[in-house]
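Start at 1 with the first residue, then count along the sequence. We count ligands from 1, going down the list as the structure has it; atoms in each ligand are counted the same way. Heavy-atom basis, side chains included; hydrogens, waters and symmetry copies ignored.
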Amino acid sequence: MAATGSAVGLGNIWGFPTQTANNGGAAFVLMYVAFVCVLAYPALMAELVIGRHTRRNMVNALPSVAAKPLVKSIGSFAGLCGVIVSSLILAFYAIVAGWMMANILSSPASALGLPAYSSWLADFSVSRNLIFCLLFSILTASVVANGVRDGIERWSTRLMPTLILLIILLTSYVLTQEGAVRGLKVYLLPDFTHIFSPQLLISAMGQAFFSLSLGVGTMLIYGSYIREDENLPLVGALVAMADTGVALLAGLLIIPAMFVALAQGVQIYDINNALIAGPGLILQVLPLLFNSLGLAGMAIAVIFFSLMVIAALTSSISMLEVPVAFASEHFQLSRSKATWITGAIIFANSACIVFYFDFLFDAVVDITTKYSQPLLAAVLCIFAGWVLHRDRLLNEIRSGYNNVEFSWFWKIWPVYIRFVCPLLIIVLFIQSILTRLTA
Ligand code: PHE
């Protein structure tokens, strides 16, 4: 439940449709699904197994499985990188979650006859971004500081089916509108000439790791909470399927909705004939959709954005957990002190991003999600595959999954995390750097 709460968040409903539009549609969707199966699921398993085996956080877990001093140091270093990357992800994530919070209030404000206030809430501005980012950060920190995470997670898993139902209903409505079929084609019929473009591949890989919360130690911590009698490959598969399902569904809503907007005269292509897909994409498309539904649309907007904020919250608390666990153990701080101090440092980063948005936002998103998460996930695969090694891996997975040694999972996965995952990640990484340099 907690791991699904961490995985399902803005990455699915904001990140995935935006990236899909950015990378031309169905070719991206196809490669994203492929990467979830061949890279992200095996990497998720590596994190869960290391977490349950060591019952520690990433900074302490990796050195604890190694014997040689050099490998121990590499482990601690990777763990520290995880702490930093997780904090940086939270720094931009809280800004986007703040946009969702502001949008909850925007339509009620216009219904109450406060148009200036309503457009301040809906439009991009430093003041709005900063205030709502601060509110969301305080919300996240108070949940983590007061240790009420369990309650929030239980609450949110009950509410998530409502969000999914709402997306399904909105999708059915959108698909009846003029222009939707064109959007559906863009979303579902891949242009095979684009499939192996290095930028598409690295974006699809990064999105898969981001959406499953990998590489930064979140899933490792959740692995450390899992009981001995739980079947890890099954838990991992359920989390990956739920997460991918929600992303695909959100794409099915947003991409056709963009084309419905086009049919209504909204510009969605730029001068190069590429889809316009900045970070604000869903906030341009969804309000149009809600407005076309009249009064009911206002209620739907409030419910939709509230559910988005809850989904974002279960992800953001899992991100904050990583630096908080580290700070409270290493500096012997109380949990609440550790939370407010790390929270304040992260908010200071968010504020810098808000002030230099055009310059920093995309850069921080790219550095953390496209490059750092996959590379750190490769290190985790190497630790699981080469350092933990077969016997310890087998023993760990066997608890909760009898006879795993005769399963397909055991035939494929160990080879995968030893060779395929690290090599593929590194090749894609180098290829993307080279194309950037030559572009
Ligand atoms: N997976 C989360 C989402 O899709 C984001 C996340 C990334 C959470 C890294 C934790 C760690 O919104």
Listed pairs under 3.5 Å, donor-acceptor, residues 233-253 side chains, sequence neighbours left out:
from, atom 1, to, atom 2, distance (Å)
Asp243, OD1, Asn12, ND2, 2.8
Asp243, OD1, Ser211, OG, 3.4
Asp243, OD2, Ser211, OG, 2.8
Thr244, OG1, Ala240, O, 2.7

## Note on the structure
Residue pairs meeting salt bridge (charged side-chain N to carboxylate O under 4.0 Å, His left out), one or both in residues 305-327, sequence neighbours left out, come to Arg149-Glu321, Glu321-Arg335
### Task
Determine which pairs satisfy salt bridge (charged side-chain N to carboxylate O under 4.0 Å, His left out) with at least one residue from residues 344-369, sequence neighbours left out, and list them in order.
Asp366-Lys370, Asp366-Arg436
### Message
Applying side chain to side chain contact (heavy atoms under 4.5 Å, CB included) to Trp410 and Leu393, what does each step give before you reach the verdict?
### Response
CA-CA 10 Å; Trp410 187 250; Leu393 280 184; 3.8 Å; yes
#### Entry: Aromatic centroids of Phe124 and Phe357 separated by under 6.0 Å
yes
### Message
Using the ring centroid of each side chain, check whether Trp99 and Phe136 are separated by less than 6.0 Å.
### Response
no
Can you produce the list of protein nitrogen or oxygen atoms under 3.5 Å from a nitrogen or oxygen of ligand 1, alongside each distance?
from, atom 1, to, atom 2, distance (Å)
ligand 1, 1 (N), Ser6, O, 3.3
ligand 1, 1 (N), Ala7, O, 3.1
ligand 1, 1 (N), Phe210, O, 2.9
ligand 1, 1 (N), Ser211, O, 3.0
ligand 1, 1 (N), Ser213, OG, 2.9
ligand 1, 4 (O), Ala7, O, 2.8
ligand 1, 4 (O), Gly11, N, 3.3
ligand 1, 4 (O), Asn12, OD1, 3.3
ligand 1, 12 (O), Leu10, N, 3.1
ligand 1, 12 (O), Gly11, N, 2.8
ligand 1, 12 (O), Tyr93, OH, 2.5

